[in-house]
Chemist: 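Handing you this structure, nothing more for now.
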Number of protein chains: 2
Amino acid sequence: MTGVTIGSAAKATSVKVPTIRYYEDVGLLPRAPRTDSNRRLYGPDELARLRFIRHARELGFEVDDIRALLALQSEPQQTCTEVDAIARSHLTEVERRIESLLALKSELERMIKGCKRGRIAQCRIIEVLQNHAQCAHHPRG
Amino acid sequence: MTGVTIGSAAKATSVKVPTIRYYEDVGLLPRAPRTDSNRRLYGPDELARLRFIRHARELGFEVDDIRALLALQSEPQQTCTEVDAIARSHLTEVERRIESLLALKSELERMIKGCKRGRIAQCRIIEVLQNHAQCAHHPRG
DNA sequence: CCTACATGCTCTAGTGACTAGAGGATCAAG
DNA sequence: CTTGATCCTCTAGTCACTAGAGCATGTAGG
């Protein structure tokens, strides 16, 4: 019966206490075993999972995506077809995201450069964003 | 008092009709003037503003950020410091995300490769993302 | 052993940024 | 003149949390 309390788990993973409980509620974490006095206990595996979830969320994956990613891990001798499909579609999504983040990066850099000139009168963020908005498909920065 | 209806405004800016009304509610757009029959009217300036808002949202700026950016626009003789700060912090975050996504990308690629050979047993997405999560400040890989 | 008080529990409600739907008015086309 | 699209307001739902109430339990100091 080893394991740490939800508070230490929160500290260890940078996921807040109520968020951990929320993840259990929505099934991203297995129902934690409890002490005699009904407190949740977390072992190293759960902490790893939590860190994974946190990071994936930071990367913008939705809870459902994360559920899928977690599923990939826990089916080690399944036929590969399905796993491959999930991984593949995630890869596509990840690549898409990298693309648009790179576009955003260069645009933000451009904004900052423009601002360096010192006066908003010459600052073109608004102009830039508005114009850019017209070419809906970011045809490569 | 020319102007287009909310429907055409939506089409012209790719912002959905209810979202336009929502932006008015929360003060990102001025209250639109109305026709005799109470319908909202939008002129070119409002369309521009809508396009700006949409794009800024796509870039991940929060409504409050956008409010700040729009406010700055109307004080043109001010220095750019604040705009610069907003953009800069977004840039940092964006770079951080790109890093992580690249790590995830190569892990997914590795998985797919592994799958091709028929086994998923050595899938390490969790490990990879989890470890990556620990170096909060990405001290250059 | 007793008292603080921190931490845990459950439950409900609030947040941001929309999105969907009900129920009704108005406009444009045939 | 009717039909269907579009508009109006209003309420409620979504996702992923986040905050708070109200109560139980654990831990440290005196």
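What you see below is based on every heavy atom in this structure, not just the backbone, and it leaves out hydrogens, waters and symmetry mates. The chains referred to below are lettered A, B, ... by the order of the sequence lines, with proteins before strands, and numbering in each begins at 1. Computed from a prediction, not measured in an experiment: that's the story for all the values here.
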Chemist: Should Arg40(A) be listed as having a side-chain N or O under 4.0 Å from OP1 or OP2 of dG8(C)?
Modeler: no
Chemist: Determine the contact category for Arg21(A): base if any of its heavy atoms lies under 4.0 Å from a base atom, sugar-phosphate if only primed atoms, P, OP1 or OP2 are that close, otherwise nothing.
Modeler: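 Contact class for Arg21(A): base.
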Chemist: Please figure out whether Asp36(B) or Ile53(B) has its closest DNA chain C nucleotide nearer the 5' end.
Modeler: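 Final value for this comparison: Ile53(B).
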Chemist: Using a cut-off of less than 4.0 Å, is there contact between a side-chain N or O of Thr5(A) and OP1 or OP2 of dG8(C)?
Modeler: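 For dG8(C), OP1 or OP2 has a side-chain N or O of Thr5(A) closer than 4.0 Å.
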Chemist: Please round to the nearest 0.5 Å and tell me the distance separating atom CZ of Arg49(A) and atom OH of Tyr42(A).
Modeler: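 One finds 12.0 Å between CZ of Arg49(A) and OH of Tyr42(A).
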Chemist: When the distance from CG of Asn38(B) to P of dC8(D) is rounded to whole Å, what number comes out?
Modeler: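 Computing the Asn38(B):CG to dC8(D):P distance gives 7 Å.
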Chemist: Does a nitrogen or oxygen in the side chain of Tyr23(B) sit under 4.0 Å from OP1 or OP2 of dC18(C)?
Modeler: yes
Chemist: For Arg39(A) and for Pro18(A), find the nucleotide of DNA chain D with the closest heavy atom, then tell me which residue's nucleotide is more 5'.
Modeler: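 Mapping each residue to its closest nucleotide by heavy atoms, the 5'-most match is Pro18(A).
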Chemist: Report yes if some heavy atom in the side chain of Val15(A) is under 4.5 Å from a heavy atom in the side chain of Ile53(A); otherwise report no.
Modeler: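 Not touching, per the 4.5 Å side-chain cut-off.
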Chemist: Which whole-number value in Å describes the distance from Lys16(A) NZ to dA19(D) C1'?
Modeler: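 That distance rounds to 10 Å.
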Chemist: Report yes if at least one side-chain N or O of Tyr22(B) is closer than 4.0 Å to OP1 or OP2 of dG16(C); otherwise report no.
Modeler: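 For dG16(C), neither OP1 nor OP2 has a side-chain N or O of Tyr22(B) closer than 4.0 Å.
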Chemist: Does a nitrogen or oxygen in the side chain of Arg34(A) sit under 4.0 Å from OP1 or OP2 of dT25(D)?
Modeler: no
Chemist: Provide, to the nearest angstrom, the distance between the CD1 atom belonging to Ile6(A) and the C1' atom belonging to dA24(D).
Modeler: 16 Å
Chemist: Would you give the length of the straight line joining atom NZ of Lys105(B) to atom OG1 of Thr92(A), rounded to the nearest 0.5 angstrom?
Modeler: 10.0 Å
Chemist: Could you tell me the separation between the CG atom of Asp64(A) and the P atom of dC15(D), rounded to a whole number of Å?
Modeler: 8 Å
Chemist: Would you mind reading off the distance between Lys11(A) atom NZ and dG8(C) atom P, rounded to a whole angstrom?
Modeler: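 These atoms are roughly 8 Å apart.
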Chemist: For Val26(A), does its backbone N or O pair with a side-chain atom of Arg67(A) as donor and acceptor, under 3.5 Å?
Modeler: yes
Chemist: Tell me whether the OP1 or OP2 atom of dA17(C) has a side-chain N or O from Thr19(B) closer than 4.0 Å.
Modeler: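 Answer no for this pair, as no side-chain N or O of Thr19(B) is under 4.0 Å from OP1 or OP2.
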Chemist: What's the CG-C1' distance between Asp25(A) and dC15(D), to the nearest Å?
Modeler: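 My rounded result for the distance is 14 Å.
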Chemist: How far does OG1 of Thr19(A) sit from CD1 of Ile6(A), to the nearest 0.5 angstrom?
Modeler: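 So the OG1 of Thr19(A) and the CD1 of Ile6(A) are separated by 9.5 Å.
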Chemist: Measure from CD1 on Ile20(A) to C1' on dA19(D) and round the result to the nearest Å.
Modeler: 16 Å
Chemist: Rounding to an integer number of Å, can you tell me how far Asp65(B) CG sits from dG16(C) P?
Modeler: 13 Å
Chemist: Please check the phosphate of dG26(D) (OP1 and OP2 only) for any side-chain N or O of Ser37(A) closer than 4.0 Å.
Modeler: yes
